[in-house]
Amino acid sequence: MSVSVFELFKPGIGPSSSHTMGPMVAARRFLDDLRGGAERIPGADAPAAIRASLHGSLAFTGKGHASDRAVMLGLLGFDPATVDPDAAEAALARLHETRRLHPESLPEMAFDPAADLVFDYDTVLPLHANGMVLRAFDRRGAPALTRTYYSVGGGFVLTDEELQAEREGTGRPAPGPTLPWPFASAREMLEMGRSSGLTIAAMTRANEEARAARDEVDARLDLISEAMDDSIDRGLAQTGVLPGGLKVRRRAHDIHEKLEAEAFSNQKLPHSGNEWLSVYAMAVNEENAAGGRIVTAPTNGAAGTVPAVLRYWRDQCGGLSEAGRRDFLLTAAAIGGILKANASISGAEVGCQGEVGSAAAMAAAGLCAVQGGTNEQIENAAEIALEHHLGMTCDPAAGLVQVPCIERNALGAIKAVSAAALALRGDGTHFMPLDNCIAVMLQTGRDMDAKYKETSTGGIAVNLPEC
């Protein structure tokens, strides 16, 4: 598996990994390309101005996902993992006032947010629904450098050449150490587990320890689980109305208070576990919708499902050790890497089956692992969770990651727990292999009409109350 745990789980800001974090990463990368003089057009002088255009889903839902703001922040040098919200707002205000960029190790460049950042609704780029083009011009207005980037989900960004090579299988392997267990499919993962006697978590850990020392791997895993907990806690503490104009009210705080009161009054209902799962997931996704700090898992739109199941097992089911938390994340990431390698985690490419469906499969696998499930039971749990998200559309109202996204994460968490429970009642044998289910997801996504793939031109997005 070439995808690292820390590529699938990474701190960032909301509301979208593909529409917010991706454009920010792409804009920063464009500056790096300018610094390196990459393929600058012959005869062009030093860059003096930049223009950007957003295409496909990035255009249709870019306003709701703050994609324009993300591009500007990237050009201002901010990184999704470390951006300081107060510093970002001050820098954006200066850019709107001065219409000048001052990138490190580059000359001052003109950039007028009102004129130089275009939402192009008519031109769809050929390789992916989330496309953007960045262009630099010299002081005479002559083109100096043009780059096309695709935000392929989960904050991952590829150039058009890189994405084409990946699809054709002609790209060069990324530099790095040889992994001891380089499984690229669930079948390979199970075969390697049988031959080695290792759990999925142990194989994933060995792959990570080929990249970094054990202490560093553990420290980074702990930071991820702490960041997930923090996003839940912040979401549970906040009240008010989410930004964007839909006037969606935060509900996690009130629901949490009621659940706590019922727990102390012995009014707990048999299905209250589902309510705890829901409130944890909703807390994260309300934070995401507000542009707060969350962990992509594997995307921002699906960021609540994995943390909710992890927190539920810790707080409602008798606790989870430090080692257990790490094994949960390692196992979940193994499944996420297989999903990304063989299908997609991008709602703009395959619908929400690729986002919340993938997150539910990852969470189900992690939960099954910490309950002592075999590798075969873990693979079964992931397959059950994914199978029952197949065909799920991505149709956010007003292009905002609010309706139906917040509740959808809650239901994804519930499905994940149910899938793990079903798998643990069996011996791991089942009809539909996970690899086949992933293939179905990819084919379904290809057949799905574009209006149901994060363009907000169909489904819930166009069937809203008139008042």
Side-chain angles (χ1 to χ4, degrees), residues 10-14 16-55 58-59 62-63 65-120 125 130-152 155-163 291 293:
K10 50 186 178 287
I13 58 168
S16 172
S17 48
S18 58
H19 288 61
T20 312
M21 291 172 61
M24 196 185 306
V25 169
R28 279 175 54 88
R29 187 171 172 184
F30 186 66
L31 294 181
D32 287 339
D33 286 345
L34 284 173
R35 292 185 186 101
E39 297 180 21
R40 189 174 297 174
I41 296 172
D45 294 333
I50 290 179
R51 295 172 195 160
S53 57
L54 302 174
H55 302 264
L58 286 183
K63 289 288 185 182
H65 288 99
S67 300
D68 48 351
R69 182 176 181 273
V71 171
M72 289 184 275
L73 288 174
L75 292 175
L76 289 164
F78 288 94
D79 180 86
T82 59
V83 58
D84 179 317
D86 293 333
E89 289 305 319
L92 286 170
R94 286 194 299 273
L95 177 59
H96 281 281
E97 180 182 351
T98 65
R99 292 171 289 183
R100 309 295 292 180
L101 297 167
H102 302 273
E104 184 179 352
S105 303
L106 284 169
E108 178 185 283
M109 286 181 278
F111 183 83
D112 181 354
D116 295 330
L117 205 166
V118 176
F119 288 86
D120 188 335
L125 301 182
N130 290 336
M132 58 185 294
V133 180
L134 284 155
R135 299 177 174 88
F137 300 86
D138 67 13
R139 55 186 174 77
R140 299 168 295 142
L145 180 68
T146 298
R147 276 280 190 268
T148 299
Y149 299 97
Y150 292 98
S151 180
V152 296
F156 293 90
V157 171
L158 298 173
T159 65
D160 48 356
E161 295 93 346
E162 291 166 346
L163 183 53
R293 188 171 298 282

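Atom-to-atom distance recorded for Y149:OH and L158:CG is 11.5 Å, nearest 0.5 angstrom. A distance of 6.0 Å separates CG in L106 from CG in L34, rounded to the nearest 0.5 Å. We find the OG1-CZ distance between T146 and F30 to be 7.0 Å, quoted to the nearest 0.5 Å. The structure places CG of L117 at 6.0 Å from CE of M72, a figure rounded to the nearest 0.5 Å. Between atom NE2 of residue H96 and atom CG of residue D112 there is a gap of 9.0 Å, rounded to the nearest 0.5 Å. The CG atom of L95 sits 5.5 Å away from atom CG of L101, with the distance rounded to the nearest 0.5 Å.
A donor-acceptor pair is defined here as one N or O able to donate and one able to accept, closer than 3.5 Å; such a pair exists between the side chain of T20 and the backbone of H65. Under the 3.5 Å distance criterion, the side-chain polar atoms of R293 are matched with a main-chain donor or acceptor of V83.
Residues I13 and M24 come closest through the heavy atom pair CD1-CE, 3.7 Å. In plain terms, the two heavy atoms of S18 and S151 that are nearest each other are O-OG, 2.5 Å. The shortest heavy-atom contact between L54 and S67 is CD1-CB, 3.9 Å. Residue A26 comes nearest to M132 through the heavy atom pair CB-SD, 3.7 Å, listed as atom of the first residue, atom of the second, then distance. Of all the heavy atoms in L125 and T148, the pair that sits closest is CD1-CG2, 3.8 Å.
Under the 4.5 Å side-chain criterion, counting only non-hydrogen atoms from C-beta, R135 is in contact with S53. For the pair L31/I50, a side-chain contact is recorded, criterion being any heavy-atom separation below 4.5 Å from C-beta on. No side-chain heavy atom of R139 sits under 4.5 Å from any side-chain heavy atom of P47.
Here E89 pairs with R69 in a salt bridge; the nearest charged N to carboxylate O distance falls below 4.0 Å. Between R29 and D32 there is no salt bridge, since none of the side-chain N atoms of the basic residue sits less than 4.0 Å from a carboxylate O of the acidic one.
At least one test fails for R99 against the ring of F111: distance under 6.0 Å to the centre or angle within 45° of the axis.
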* To do: Applying side-chain contact (heavy atoms from CB on, under 4.5 Å), run through V152 and V157 and close with a yes or a no.
  => CA-CA 6 Å; V152 296; V157 171; over 6 Å; no
